[in-house]
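Written below as structure tokens is the structure these notes are about.
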Amino acid sequence: MSDPRILTVRPEPGEYAWTFGGAAPVARIAPGTVLDLYTEDCFAGRVRSEKDLVSEVCEFPFLNPQTGPFHVEGAEPGDTVAVHFVSIEPARDWAASTTVPLFGALTSTHTTATLQPPLPETVWIWQLDRTRRTALFRAHDSDIEVELPMDPMHGTVGVAPANLEVRSALVPDAHGGNMDTPEMRAGVTCYLGVNVEGALLSLGDGHARQGEGETCGVAVECAMNTVVIVELLKGLATPWPRIESDTHIISTGSARPLEDAFRISQHDLVQWLVRDYGFSELDAYQYATQAVESPLANVCDTNYTCVAKIRKEWLPTRETHRGVHARLRETAATLR
């Protein structure tokens, strides 16, 4: 195997993308390229202490900066870009989380309008021990301190949308975007359907960890040093973002209301079983019903995201997405 091409990108503050679609590519890359990237946190690094309120230090809509986009040579509508996450490592020894007025699952929002006052803005700074792989929670209103294991992930990865659309980096949809699923961790391969020439791939929104659902709307947000391998699957369509790990195949769906996001993820998983595993549609529907795991990704963003996943050991032995996950895992091993 020849040495992979490696491109290192460390954006300056004015060089991030804030949308999927509508941004010029920062580089053209050939399939098989390794990207060694720095991504800034969702606050663009501006929330650095408990005194830094989002409403005062950030300017909406300039939230969730993305590193990219990258033009993948040869990518055309109807193809699939495969993004294998080799490593995702916090770039700082601290991370930030906060409540944001009129945002989150347990408060009034702009779309769930009530006469309740907004929740107060409160910032928590989490200390990260990158050697011990822990994140320290310190309560504001008591002396409680709890260490949680770090589980670094990317909340946002996607390509340009179809139909000439430009979408905020805060929005998840069929193009990917701000899905906020903890499944997007090191060792997985994310499959994204190509909608425009070059795909225009971007990623950002690193989380040191996040619970399923991202209930308050904000995870343990941190800058990341991330390495990915980008591959191209010609002539293979992927209607919704999919993830493959060593143990599971994983479909996603993003929409409102929540049950529609659930339906999309379950439907995509059924169609995946039909296409690659030899099931008829009704057999796949029955089998998925009994075997699926359905964690929530986010119930706070502009669209909600649900996940549908099945253990590979419970499936017929078949090759999916042309076996690219296994091949990229082998390439990733050579980079360490």
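Using a 4.0 Å cut-off between a side-chain N of Lys or Arg and a carboxylate O of Asp or Glu, Glu40 and Arg92 qualify as a salt bridge. Looking at Asp93 and Arg130, no side-chain N of the basic residue comes within less than 4.0 Å of a carboxylate O on the acidic one, giving no salt bridge. Note on Lys312 versus Glu244: salt bridge recorded, some NZ/NE/NH1/NH2 to OD/OE distance being below 4.0 Å. Using a cut-off of 4.0 Å between Lys/Arg side-chain N and Asp/Glu carboxylate O, Asp151 and Arg133 are scored as not salt-bridged. Contact check on Asp41 versus Arg46 returns no salt bridge, with no Lys/Arg side-chain nitrogen under 4.0 Å from an Asp/Glu carboxylate oxygen. In summary, Arg132 and Glu147 engage in a salt bridge, as defined by a charged side-chain N under 4.0 Å from a carboxylate O. A salt bridge links Lys234 to Asp79: at least one charged side-chain nitrogen sits closer than 4.0 Å to a carboxylate oxygen.
Among the candidates Met179, Lys309, Met184, the single residue satisfying the side chain to side chain contact (heavy atoms under 4.5 Å, CB included) test with Thr252 is Met179. A side chain to side chain contact (heavy atoms under 4.5 Å, CB included) with Thr80 is found for one member of Val194, Val324, Thr238, Leu192 and no other, namely Thr238.
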>> Run the side chain to side chain contact (heavy atoms under 4.5 Å, CB included) test on Lys51 and Glu56 for me, step by step, so that the C-alpha distance in whole Å, both residues' side-chain angles and the decisive distance to 0.1 Å come before the verdict.
In response: CA-CA 10 Å; Lys51 296 179 181 180; Glu56 296 176 357; over 6 Å; no

>> I'd like to know whether Arg138 forms a side chain to side chain contact (heavy atoms under 4.5 Å, CB included) with Trp124, so could you lay out the CA-CA distance, the side-chain angles of the two residues, the decisive distance to 0.1 Å, and finally the verdict.
In response: CA-CA 8 Å; Arg138 287 194 177 102; Trp124 292 262; over 6 Å; no

> Would Tyr287 and Phe279 satisfy side chain to side chain contact (heavy atoms under 4.5 Å, CB included), going step by step from the backbone distance to the final call?
Replying inline: CA-CA 9 Å; Tyr287 188 73; Phe279 289 84; 3.8 Å; yes

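Taking Ile, Leu, Val, Met, Phe, Trp and Tyr as members and joining any whose side-chain heavy atoms lie under 4.5 Å apart, directly or through other members, the hydrophobic cluster of Trp18 also contains Phe62. Here Leu106 is tied to no hydrophobic group at all, with no ILVMFWY side chain closer than 4.5 Å. Clustering of Ile, Leu, Val, Met, Phe, Trp and Tyr side chains at separations under 4.5 Å leaves Phe262 isolated, with no partner residue.
Thr39 and Thr67 share no side-chain donor-acceptor pair at under 3.5 Å. Between the side chains of Ser265 and Asp268, no donor-acceptor pair is found at a separation under 3.5 Å. A side-chain donor from one of Thr226 and His154 sits under 3.5 Å from a side-chain acceptor of the other. Residues Glu183 and Thr181 bring no donor and acceptor atom of their side chains to less than 3.5 Å of each other. Side-chain contact of Ser294 with Gln266: a donor-acceptor pair under 3.5 Å is present, judged by distance alone. Checked by atom type, the side-chain pair Asn178/Thr156 shows a donor-acceptor distance below 3.5 Å.
Here the CG atom belonging to Asp276 is positioned 3.5 Å from the OG1 atom belonging to Thr320, to the nearest 0.5 angstrom. Rounding to the nearest 0.5 Å gives a distance of 10.0 Å between CD of Glu221 and CG of Leu63. Atom-to-atom distance recorded for Tyr191:OH and His325:NE2 is 7.0 Å, nearest 0.5 angstrom. Here the OG1-CD1 distance, from Thr189 to Ile249, works out to 13.5 Å after rounding to the nearest 0.5 Å. With values rounded to the nearest 0.5 angstrom, Leu102 atom CG is found 10.5 Å from Gln116 atom CD.
The number of heavy-atom neighbours closer than 6.0 Å to NE2 of His267, taken from other residues, nucleotides and ligands shown, is 12 or below. Counting heavy-atom neighbours within 6.0 Å of Glu73 CD, excluding the residue itself, gives a total above 12.
Val196 is linked by a side chain to side chain contact (heavy atoms under 4.5 Å, CB included) to Ala160, Leu200, counting only residues two or more places apart in sequence or in another chain. Remark: Met153 engages Pro182, His207, Gln210 in a side chain to side chain contact (heavy atoms under 4.5 Å, CB included) (not counting sequence neighbours). Listed by chain and number, the residues in a ring pair (Phe, Tyr, Trp, His ring centres under 6.0 Å) with Tyr38 amount to none (sequence neighbours excluded).
Checking side-chain atoms of Glu121 against main-chain N and O of Val54 turns up a donor-acceptor pair under 3.5 Å. Judged by distance alone, the side chain of Glu15 and the main-chain N or O of Pro13 form no donor-acceptor pair under 3.5 Å. Without hydrogens or angle criteria, Thr19 side chain to Arg167 main chain gives no donor-acceptor distance under 3.5 Å. Proximity of a side-chain donor or acceptor of Ser251 to a complementary backbone N or O of Arg242 within less than 3.5 Å is not detected.
When all heavy atoms are compared, the tightest approach of Trp272 to Ile243 is CH2-O, 3.7 Å.
Two residues are said to be in side-chain contact when any heavy atoms from C-beta on lie closer than 4.5 Å; Ser254 and Trp240 meet this criterion. Within the 4.5 Å cutoff, no side-chain heavy atoms of Leu296 are placed close to those of Thr305.
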